[in-house]
Trainee: 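Provided herewith is a single structure, encoded as structure tokens, for subsequent inquiry.
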Amino acid sequence: MSEESNISESTSPAPSRHFIRQIIDRDLEAGKNNSQVITRFPPEPNGYLHIGHAKSICLNFGLAKEFGGRCHLRYDDTNPAAEDVEYVDAIEADVRWLGFEWGEHHYFASNYFEALYGYAEELIQKGKAYVCSLSADEFKEYRGVPTRPGKESPSRNRTVEENLDLFRRMRAGAFPDGAYVLRAKIDMASPNLHMRDPTLYRIKRIHHHRTGDEWCIYPMYDFAHCISDAVEGITHSICTLEFEVHRPLYDWILDQISIPCHPQQIEFARLNLTYTVMSKRRLLQLVREGHVQGWDDPRMPTLCGMRRRGYPAAAIRAFCETIGVTKYDSVTEMELLEYCVRQELNAKALRRIAVLDPLRVVITNFSDTEGINVQAINNPEDETAGKRPFPLTREIFIERADFAETPPPKYFRLSPGKSVRLRYAGFITCEDIEKDPETGEVIALHCRWDPPETKVKVKATIHWLAAPTAREAEVRLYERLFTVADPMEDKDKDFTDFLNPNALRTTTALIEPALSEAGAGESFQFERTGYFCVDTKDSQPGQPVFNQVVALKASK
RNA sequence: UGCCGAAUGGUGUAAUGGUAGCACAGCAGAUUCUGGUUCUGCUUGUCUAGGUUCGAGUCCUAGUUCGGCAACCA
């Protein structure tokens with residue numbers, strides 16, 4: 001490399017740095033946190049991860065990698081009512097699939113229940129927390145509303161001894177669920193509702209998927225999260241915008257207790273995508289009500305759904321980098337995700353031929369036994385992918401849409417008397433049409449074949465399959481899950497009213513023999529049609545089922 | 001009518017007081033044995049009104065609009 005190009009490279013503009021990178025840049029410059037970057041991805045195991053989580057995963061793990069730090073995988077499992085091990089395993093598989101590793105830094109907030117309890121007692125000792133006897137309804141009433149201050153609970157002035165005794169008995173199971181809660185003693189007049197003596201612990205006799213029946217009191221998110229971060233020595237605690245109003249409480253708790261570490265909470269805008277929904281609750285509703293066939297249904301925006309659909313992990317990573325990170329509540333167009341998917345697949349996927357909606361063609365100047373063998377290119381973007389033999393016989397199948405009896409304007413493909421190129425195999429000219437006498441439907445075409453050397457002037461090349469070698473396979477074609485960009489927009493309707501009835505269409509296609517041996521999870525480009533991935537659930541050896549990943553970019 | 005936050009083309013994002021740039025989408029063209037890919041060009045933008053400054057997307061003031069917050073959820 002010449003000196004000049006070295007210079008131009010070093011002076012080329014630095015890659016743009018989003019606001020969190022800039023915060024870290026400044027922290028590192030100031031020597032904060034011993035110049036370390038330790039992040040965490042803290043899912044609650046109460047549902048499957050979706051593309052919105054991918055943004056957070058790529059951010060947290062990506063930042064750690066970029067700055068030579070580390071990222072912890074920590075389950076925020078403080079509410080056993082909603083959580084389950086089923087989700088724990090699925091979450092790990094999804095994060096790994098995305099390409100990230102947590103090493104030995106695999107934690108559960110429930111690992112810290114004992115420590116958390118200790119900090120709660122410390123708060124009580126310091127007169128910063130009290131046990132409250134208000135019922136849930138009274139609690140609400142006392143809390144007040146945003147525009148009016150709340151009023152203090154009668155329990156607020158209990159002595160430290162009383163509070164300690166009550167809290168210990170709460171833990172010991174002396175009281176029924178809901179009888180008491182532990183609250184922070186902050187400020188009932190705070191304009192921030194979260195600072196009006198928030199609940200720290202509640203009594204819940206629910207079996208926990210990790211701690212079993214060891215506990216009947218469970219810490220709330222606000223208490224558990226900041227302390228878990230501090231215990232793990234997290235430097236940058238990155239979360240979504242809705243936690244912005246929780247930050248004063250995050251800081252307050254860590255300021256009151258004797259823990260040396262105080263991570264910085266930074267909020268960013270969650271991902272919204274057009275033509276889908278992104279909340280676990282609504283995704284769960286789609287599963288429960290049977291609108292889709294499960295969390296990993298290829299129509300779902302879940303990571304397992306996208307993986308099954310055939311979206312490459314690299315495409316999702318590229319997408320997450322492209323969308324950026326801001327505090328602006330935005331809606332990203334699905335087209336951008338699809339672009340990233342095509343970009344990745346175009347470079348990597350082997351080309352194969354499949355005819356989705358077959359129309360029989362008889363080559364009139366071939367005898368039954370006559371035929372030729374051509375070579376098909378496996379990937380024009382990658383010469384090392386090589387070629388494969390591809391036979392042409394008297395009877396072939398073409399795509400029904402590649403013939404038009406009365407061609408519309410600018411139709412380049414086959415029509416009566418017209419010619420097209422057969423991919424890799426010369427030309428055909430349509431000489432006759434065979435129709436069903438009853439329905440009038442075109443059932444076959446009779447065409448004359450000309451070899452490639454003929455140089456027939458055509459404007460289109462179509463794909464085709466030799467009838468004797470063609471095999472059948474189930475192909476699933478997907479459209480967007482919803483018919484409108486924002487299914488939540490109409491407040492008078494349920495989002496399920498906008499479900500796209502054509503989101504899944506199943507058909508039997510004709511595939512080339514090489515495809516019937518395709519392994520589960522393998523992706524191909526069906527030439528001129530789209531990208532397809534062998535379904536990992538419903539395929540049998542030698543009998544693949546194909547999921548359409550994404551169509552080729554629409555022709556103009 | 002409380003508090004917190006955010007506003008840059010259709011969408012997403014950059015510009016950190018000094019030429020408003022990039023990507024997606026759209027449109028047009030070139031190349032092409034995939035109406036794919038690739039390449040070229042084009043359309044479209046700083047929420048409003050004042051102010052500071054030689055100079056404002058950026059700083060100040062006022063407003064407008066949008067989002068979040070009133071689980072013993074996270």
Trainee: For A:Y180, report the nucleic acid contact type (base, sugar-phosphate, nothing); a contact means any heavy atom under 4.0 Å.
Mentor: nothing

Trainee: Should A:R21 and A:E66 count as an ion pair when the cut-off is N to O under 4.0 Å?
Mentor: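 Looking at A:R21 and A:E66, the cut-off is met.
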
Trainee: Applying a 4.0 Å non-hydrogen cut-off, can you work out what A:E333 is touching in the nucleic acid: base, sugar-phosphate, or nothing?
Mentor: base

Trainee: Does A:T326 use its side chain to pair, donor to acceptor, with the backbone of A:Y328 at less than 3.5 Å?
Mentor: yes

Trainee: Kindly indicate whether the side chain of A:E335 and the base of B:U11 share any N or O donor-acceptor pair separated by less than 3.5 Å?
Mentor: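 By the distance-only test, no, there is no pair.
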
Trainee: Can you tell me which nucleotide in B:C24, B:U13, B:A70 comes closest to the side chain of A:V145?
Mentor: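 Shortest atom-to-atom distance from the side chain points to B:A70.
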
Trainee: Have A:H225 and A:R40 got a donor and an acceptor in their side chains that come within less than 3.5 Å?
Mentor: yes

Trainee: Mark this stacking check for A:F412 against B:G35 as yes or no, applying ring centres under 5.5 Å and ring planes under 30°.
Mentor: yes

Trainee: Measure from the side-chain heavy atoms of A:S330 and tell me the nearest of B:G2, B:U13, B:G5.
Mentor: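 It is B:U13.
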
Trainee: Any base atoms under 4.0 Å from A:I323, or only sugar-phosphate, or nothing? Heavy atoms, all strands.
Mentor: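 If one applies the 4.0 Å heavy-atom cut-off, A:I323 turns out to touch the sugar-phosphate alone, with no base involved.
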
Trainee: When you check the phosphate oxygens OP1 and OP2 of B:A74, does a side-chain N or O of A:T78 lie under 4.0 Å from one of them?
Mentor: yes

Trainee: Taking the side chain of A:T322 as heavy atoms from C-beta outward, which of B:A23, B:G36, B:C72 is closest to it?
Mentor: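 Nearest to the side chain of A:T322 among the choices is B:A23.
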
Trainee: I need the CG-P distance between A:L552 and B:U34, as an integer number of Å.
Mentor: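 Taking CG of A:L552 and P of B:U34, I get 11 Å after rounding.
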
Trainee: Under 4.0 Å, heavy atoms only, any strand: does A:E267 hit a base, just the sugar-phosphate, or nothing?
Mentor: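 A:E267: no heavy atom of the nucleic acid under 4.0 Å.
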
Trainee: Given that A:N346 and A:H225 both sit by RNA chain B, which one's nearest nucleotide is further toward the 5' end?
Mentor: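 Looking at the nearest nucleotide for each, A:N346 comes out on the 5' side.
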
Trainee: Assign A:P43 to base, sugar-phosphate, or nothing according to its heavy-atom contacts below 4.0 angstrom with the strands shown.
Mentor: nothing

Trainee: Describe the nucleic acid contact of A:S190 in one word from base, sugar-phosphate, nothing, applying a heavy-atom distance below 4.0 Å.
Mentor: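 Touches nothing.
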
Trainee: Nearest to the side chain of A:N79, heavy atoms from C-beta on, is which of B:A23, B:C73, B:G5?
Mentor: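 That would be B:C73.
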
Trainee: Regarding A:K459, tell me which of base, sugar-phosphate or nothing describes its non-hydrogen contacts under 4.0 Å with the strands shown.
Mentor: nothing

Trainee: Looking for any heavy atom pair under 4.0 Å, which part of the strands does A:V331 touch: base, sugar-phosphate only, or nothing?
Mentor: sugar-phosphate

Trainee: Give a yes or no on whether the backbone of A:P219 and the side-chain of A:Y117 come within a donor-acceptor separation of less than 3.5 Å.
Mentor: no

Trainee: Any base atoms under 4.0 Å from A:E527, or only sugar-phosphate, or nothing? Heavy atoms, all strands.
Mentor: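 Base contact - A:E527 has a heavy atom under 4.0 Å of at least one base atom.
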
Trainee: When you measure from the side chain of A:D222 to the backbone N and O of A:Y250, does any donor-acceptor pair fall under 3.5 Å?
Mentor: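 No, because the side chain of A:D222 does not come within donor-acceptor range (under 3.5 Å) of the backbone of A:Y250.
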
Trainee: When you measure from the side chain of A:R270 to the backbone of A:S330, do you find a donor-acceptor pair of N or O atoms at a distance under 3.5 Å?
Mentor: no

Trainee: Please assess A:W464 against A:I428 for the test side chain to side chain contact (heavy atoms under 4.5 Å, CB included), listing each intermediate value before the final yes or no.
Mentor: CA-CA 11 Å; A:W464 53 276; A:I428 51 170; over 6 Å; no

Trainee: Do the rings of A:Y48 and A:Y87 sit parallel, tilted or perpendicular, given the 30° and 60° boundaries?
Mentor: perpendicular

Trainee: What's the gap between B:G5 and B:U38 when it is taken at their C1' atoms, as a whole Å value?
Mentor: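 After rounding to an integer number of Å, I get 43 Å for this pair.
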
Trainee: Counting the atoms with a prime plus P, OP1 and OP2 as sugar-phosphate, which does A:K280 contact under 4.0 Å by heavy atoms, base, sugar-phosphate, or nothing?
Mentor: nothing

Trainee: Rounded to whole angstrom units, what separation is found between the CG atom of A:N378 and the P atom of B:U34?
Mentor: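 It works out to 16 Å between those atoms.
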
Trainee: Are any of A:Y339's side-chain N or O atoms less than 4.0 Å away from OP1 or OP2 of B:C24?
Mentor: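 Yes, A:Y339 has a side-chain N/O under 4.0 Å of OP1/OP2 on B:C24.
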
Trainee: For nucleotides B:C4 and B:A14, find the distance between their P atoms and express it as a whole number of Å.
Mentor: 24 Å

Trainee: Check for a donor-acceptor pair, side chain of A:H209 on one end and backbone N or O of A:D84 on the other, with a separation under 3.5 Å.
Mentor: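 The answer is no, because no donor-acceptor pair under 3.5 Å joins these two groups.
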
Trainee: Between B:U34, B:C4, B:A25, which nucleotide has the shortest distance from any of its atoms to the side chain of A:V245?
Mentor: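 In terms of side-chain proximity for A:V245, the closest of B:U34, B:C4, B:A25 is B:C4.
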
Trainee: Tell me: NE2 of A:H50 to P of B:A74, nearest whole Å?
Mentor: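 Spelled out: NE2 on A:H50 to P on B:A74 is 17 Å.
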
Trainee: Side chain of A:P452 only, heavy atoms from C-beta on: which candidate in B:C69, B:G26, B:C33 is closest?
Mentor: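 The listed nucleotide nearest to A:P452's side chain is B:C33.
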
Trainee: Respond yes when some side-chain nitrogen or oxygen of A:T332 is under 4.0 Å from OP1 or OP2 of B:U11, and no when none is.
Mentor: no

Trainee: Ignoring hydrogens and geometry beyond distance, is the side chain of A:R413 in donor-acceptor contact with the base of B:G35 at under 3.5 Å?
Mentor: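 Pair found.
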
Trainee: Under 4.0 Å, counting only non-hydrogen atoms across every strand here, what does A:L345 touch: a base, just sugar-phosphate, or nothing?
Mentor: nothing

Trainee: From CZ of A:R528 over to P of B:U34, roughly how many Å is that when rounded to an integer?
Mentor: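 Rounding to the nearest Å, CZ of A:R528 and P of B:U34 are 10 Å apart.
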
Trainee: Below the 4.0 Å mark, does B:A74 have OP1 or OP2 next to a side-chain nitrogen or oxygen of A:R202?
Mentor: yes

Trainee: Of the nucleotides B:U34, B:G2, B:A23, which has the atom closest to the A:L336 side chain?
Mentor: B:A23

Trainee: Can A:E381 and A:N379 be counted as having a side-chain donor-acceptor contact under 3.5 angstrom?
Mentor: no

Trainee: Using the P atom as the reference point in each nucleotide, state the distance between B:G57 and B:A25 in Å, no decimals.
Mentor: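 My reading of the P atoms in B:G57 and B:A25 gives 30 Å.
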
Trainee: P atom, B:G45 versus B:G21: distance in rounded Å?
Mentor: 12 Å

Trainee: On a plain distance test, is the side chain of A:E381 in donor-acceptor contact with the base of B:G36 below 3.5 Å?
Mentor: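 It does, because a donor-acceptor pair links the side chain of A:E381 to the base of B:G36 below 3.5 Å.
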
Trainee: Of the candidate nucleotides B:C73, B:G35, B:G5, which contains the atom at the shortest distance from the side chain of A:K327?
Mentor: B:G5

Trainee: Quick one: A:D329 CG to B:U65 P, roughly how many Å, whole number?
Mentor: 18 Å

Trainee: If you write RNA chain B from 5' to 3' in dot-bracket form, with Watson-Crick or G-U pairs under 3.5 Å, [ ] for crossing pairs and | for pairs with another strand, what do you get?
Mentor: .((((((..((((....[..)))).(((((.......)))))....(((((..]....))))))))))).....

Trainee: Is A:A136 touching bases, backbone alone, or none of the nucleic acid, heavy atoms closer than 4.0 Å?
Mentor: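 Base, at least one base atom sits under 4.0 Å.
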
Trainee: I want to verify a distance call: between B:C24, B:G26, B:A74, whose nearest atom is closest to the A:H246 side chain?
Mentor: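 Nearest to the side chain of A:H246 among the choices is B:A74.
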
Trainee: What interatomic distance, in whole Å, is found between P of B:U48 and the corresponding atom of B:G10?
Mentor: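 So the two P atoms sit 13 Å from each other.
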
Trainee: Starting at CG of A:N192 and ending at C1' of B:G2, how long is that distance when rounded to a whole Å?
Mentor: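 Roughly 11 Å, once rounded to whole Å.
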
Trainee: Which is true for A:S279 with a 4.0 Å heavy-atom rule: it touches a base, it touches only sugar-phosphate, or it touches nothing?
Mentor: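 Result for A:S279 = nothing.
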
Trainee: Looking only at heavy atoms, which two atoms of A:S153 and A:R183 are closest? And how far apart?
Mentor: CB-NH1, 3.9 Å

Trainee: If I take atom CZ in residue A:R423 and atom P in nucleotide B:U34, what distance separates them, rounded to the nearest angstrom?
Mentor: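 So the two atoms are 5 Å apart, to the nearest Å.
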
Trainee: Starting from P on B:U34, measure out to NZ on A:K387 and report it in whole angstrom.
Mentor: 14 Å

Trainee: Measuring only the P atom in each nucleotide, how far is B:U58 from B:G17? A whole number of Å is fine.
Mentor: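 That atom pair is separated by 12 Å.
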
Trainee: Assuming nearest nucleotide by heavy-atom distance, tell me which of A:L134 and A:P380 is located more 5' along RNA chain B.
Mentor: A:P380

Trainee: Base, sugar-phosphate, or nothing for A:R351, non-hydrogen atoms under 4.0 angstrom?
Mentor: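 Contact class for A:R351: base.
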
Trainee: The side chain of A:E242 is closest to which nucleotide in this list: B:A25, B:G12, B:A74?
Mentor: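 Ranking B:A25, B:G12, B:A74 by closest atom to the A:E242 side chain puts B:A74 first.
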
Trainee: Report the relative orientation of the aromatic rings in A:W215 and A:F113; use parallel for angles under 30°, tilted for 30 to 60°, perpendicular for over 60°.
Mentor: perpendicular

Trainee: When you compare B:U43 with B:A7, how far apart are their C1' atoms, in angstrom units rounded to a whole number?
Mentor: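 B:U43 and B:A7 have their C1' atoms separated by 24 Å.
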
